[in-house]
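Here is the naming used below: chain letters follow the sequence lines, and residue numbers restart at 1 for every chain.
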Amino acid sequence: MDVPLAIACRKINKRYPHFSLSDVDLSVEEGTVMGLVGPNGAGKSTILRMVMGLIGPDSGSVTVLGHRMPDEQMAAKRDIGFVAEDMRLYESQSIAFHMDFVKSIFDSWDDTYAANLLRSFDLKKEQKVKGLSHGQRVKATLLLALARRPKLLVFDEPTTGLDPAVRKEVIDEMMNALESESHSILFSSHNTLDVEQISDYITFIYGGRIIESCNKEDFMDGWRRIRLSNPDGKPLPMLKNIKEMQQHGRLCSLTVDQYDEGVAEHLRQSGLKVDAVERLTLEEIFLSNVHHAKANLSKEAGL
Amino acid sequence: MKYGFVFSKTDKRPMYQQIMEQIVQRIAVGDWPPNTPLPSVRELAADIKVSIITVKRAYLELGRDGVITTQQGKGTWVSESLDMKRLQREELAEHLAHAAKLADSLGISEAELLQMLKKYV
């Protein structure tokens, strides 16, 4: 049975003077968490803004909760909660003012949930926005988005600049919002630990292109670091899934994706000794992927 | 933290294996006897703040091992015909495998490792 899609981006292209998105395909199933990973300037925020209908693509289509974006953004936004770093609140007003304001627009506002969030975020309703710390601001905007109980939550870098305690509070409440089976989250982060912890799917972006988009378990499972010793100085077999190679004297370390037992076997048959096969963290995969994507881009550019 | 699962950030094993271990431990010590219903995947994921797909994978592997039984639409519970002895032996085997690996990386020979183990039996 096919799970309905909360987000479907098809072959999106968007050209800016110094940056372009090329043929971006992105699908987010209902009830799942999708993490967008990529270095600064890779296009994460641009994609999130297109999903929100804030920018239209030059070509391709964006469908969110069954609505074509940006044309039907009014209808779609009833059910989307968006939190971005540059979200403006009224500095001279209190958190309570903002809560009343959002409640007056969205009839889905849940007073009990809002009160619970205030408590678990340790926020005081009467507090003025201008006196809030960065962490409190993030929590306040998160509260305003969550208490509407939107079907889709879109977060741009929700944990950037947060201390570990606040980061945990934010992640915890993001996960709690998913207890309903049809609710979905799309978020971007530099913090690979966050993405690794809560994402069901991971999409890797580099230079305005999707490098990889798949189920997190398969993704993490496919990557390995293989430590080899090469006592006789044999040439390494050129396997296509080798993403990175480091050689120092007789020791060698390979980073591979789509790993299976055959890879180690192949290396052994080439006269190498496999000392260890290790799993990688998402951060290591991220760095290796960036390194590899960079090399490919310069190859394409003929550099 | 309704289910009291505790994970170690320094544990290098993948998360799904750590979840499997916590469930097997609860069964092995008798906190979750046969036929005990398990939380739904979504419920456990929300409780331990781990992605749904990771919890799903842990359940899938435990189901494959016969430790738990899932019936579509009815839920998941600890298998009735669960062989506790086997489960505990498997846990021991895992510890031994870990010890052997560590010994190997420290350059301790097989004979020496066996000698060391003898101290405890």
Side-chain angles (χ1 to χ4, degrees), chain A residues 1 3 28-35 120 159 164 167-185 187 189 193-202 214-225 227 273-285, chain B residues 1-23 38-65 70 72-76 94 97-108:
Chain A
M1 197 179 67
V3 183
V28 179
E29 288 176 5
E30 256 182 28
T32 66
V33 181
M34 166 71 82
S120 62
T159 57
R167 181 188 150 258
K168 185 174 180 307
E169 287 175 10
V170 166
I171 294 277
D172 283 2
E173 288 307 333
M174 279 170 72
M175 284 301 282
N176 286 342
L178 276 182
E179 270 185 272
S180 160
E181 262 173 54
S182 57
H183 288 201
S184 329
I185 295 180
F187 80 111
S189 183
L193 276 178
D194 294 346
V195 178
E196 189 174 336
Q197 184 186 342
I198 70 169
S199 305
D200 297 314
Y201 294 87
I202 293 177
C214 69
N215 167 327
K216 179 187 68 181
E217 288 295 314
D218 295 344
F219 187 74
M220 304 283 301
D221 249 6
W223 286 79
R224 289 289 190 286
R225 184 187 303 107
R227 295 186 192 276
K273 184 170 171 281
V274 176
D275 295 326
V277 179
E278 301 159 347
R279 292 174 63 95
L280 301 180
T281 64
L282 185 60
E283 175 152 321
E284 292 169 313
I285 298 173
Chain B
M1 287 289 163
K2 198 166 136 199
Y3 297 101
F5 282 38
V6 178
F7 300 101
S8 162
K9 293 267 186 224
T10 54
D11 192 328
K12 292 255 174 62
R13 289 171 306 162
M15 196 44 150
Y16 79 92
Q17 285 179 6
Q18 297 183 46
I19 297 169
M20 286 171 70
E21 185 188 45
Q22 299 258 337
I23 293 174
L38 265 69
S40 74
V41 168
R42 200 164 275 273
E43 197 187 343
L44 185 58
D47 187 58
I48 61 181
K49 313 299 177 217
V50 161
S51 61
I52 288 159
I53 208 153
T54 303
V55 178
K56 217 183 253 175
R57 172 144 187 216
Y59 276 32
L60 210 69
E61 306 255 342
L62 286 171
R64 214 172 279 159
D65 296 348
T70 300
Q72 207 59 48
K74 284 194 177 164
T76 305
E94 222 168 272
H98 187 69
K101 217 169 164 185
L102 201 60
D104 186 46
S105 69
L106 294 172
I108 294 170

>> Taking side chain as everything from C-beta outward and backbone as N, CA, C, O, which of these in A:E278 sits under 4.5 Å from a heavy atom of chain B? Side chain, backbone, both or neither.
In response: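 For A:E278, no heavy atom lies under 4.5 Å from chain B.
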> So what's closer than 4.5 Å to chain B heavy atoms on A:D221: side chain, backbone, both or neither?
Replying inline: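 Contact with chain B involves the side chain of A:D221 alone.
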For residues [X] and [Y], report the shortest heavy-atom separation together with the two atoms involved.
X	Y	result
B:R42	A:G31	NH2-O, 3.1 Å
B:I52	A:D200	N-OD1, 3.0 Å
B:K49	A:Q197	O-NE2, 2.7 Å
B:A45	A:M175	O-CE, 3.7 Å

> Is there a side-chain contact between A:M220 and B:P14 (heavy atoms, below 4.5 Å)?
Replying inline: no
> If you draw a 6.0 Å radius around CD in A:E283, do more than 12 non-hydrogen atoms from other residues or ligands fall strictly inside?
Replying inline: no
>> For the CD1 atom of A:I198 and the CD1 atom of B:I53, what is their distance to the nearest 0.5 Å?
In response: 13.5 Å
>> Return the CD to OG distance between A:E217 and B:S51, rounded to the nearest 0.5 Å.
In response: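 If we round to the nearest 0.5 Å, A:E217:CD and B:S51:OG are 6.0 Å apart.
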>> Please rank A:T32, A:V33, A:N215, A:L193 by heavy-atom pairs under 4.5 Å with chain B and give me the top one.
In response: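 Max contact count across the listed options: A:N215.
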